[in-house]
Amino acid sequence: MSVTIRTIRGEDFNAALELWNETRRHDPITARFFKRKIFLDVCFDPEGYVLAECDGKLCGYIYVVRRLRAQDNDNSPIPTNAWINGFGV
């Protein structure tokens, strides 16, 4: 088996959503939610969404969020920490 680790790309959207829902069967999300809460998040960074590809098919992921800027009207300092928002294999 050939395994490749890489960051997410735009063309991965459908396969990444399918993998998310396969690995979170008790907490599935819609394409609209996936797009709005992940890809359109003001702090989304593709470097934080890492995929494992097994023989050309997505087989795992980890999604790390790092707050890049304050949200809305929040003028508080930007935290320097990050968190894992999702992972699955």
When rounded to the nearest 0.5 angstrom, what is the spacing between [atom1] in [X] and [atom2] in [Y]?
X     : Y     : atom1 : atom2 : answer
Cys59 : Glu22 : SG    : CD    : 11.0 Å
Phe44 : Tyr63 : CZ    : OH    : 6.0 Å
Lys57 : Leu19 : NZ    : CG    : 8.0 Å
Phe34 : Leu17 : CZ    : CG    : 5.5 Å
Phe87 : Ile62 : CZ    : CD1   : 7.0 Å
Leu58 : Leu51 : CG    : CG    : 5.0 Å

Which atom names give the shortest non-hydrogen contact between Ala31 and Phe13, and what distance separates them? O-CZ, 3.5 Å

For the residue pair Ala52 and Ile5, what are the closest heavy atoms and their distance? CB-CD1, 3.8 Å

Side-chain heavy atoms under 4.5 angstrom apart, residues restricted to Ile, Leu, Val, Met, Phe, Trp, Tyr: same cluster for [X] and [Y]?
X     : Y     : value
Tyr61 : Val50 : no
Trp20 : Val89 : no
Ile8  : Val64 : no

Side chain proximity check, Asp45 to Arg66, heavy atoms < 4.5 angstrom: yes

Presence of salt bridge, Lys35 and Asp41, under 4.0 angstrom: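 Looking at Lys35 together with Asp41, the answer is no, because their closest N to O distance does not fall below 4.0 Å.
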
Is the CZ atom of Phe39 crowded by more than 12 outside heavy atoms at less than 6.0 Å?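 Buried by this count: over 12 neighbours within 6.0 Å.
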
Is the CD1 atom of Ile84 crowded by more than 12 outside heavy atoms at less than 6.0 Å?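 Counting other residues, nucleotides and ligands, CD1 of Ile84 stays at 12 neighbours or fewer.
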
Looking at Arg9, is its backbone amide N or carbonyl O close enough to the side chain of Asp12 to form a donor-acceptor pair, meaning the two atoms are under 3.5 Å apart?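 A pair under 3.5 Å: yes.
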
Would you please test Ile38 and Tyr49 for side-chain contact (heavy atoms from CB on, under 4.5 Å) and show each step? CA-CA 10 Å; Ile38 295 174; Tyr49 204 118; 4.1 Å; yes

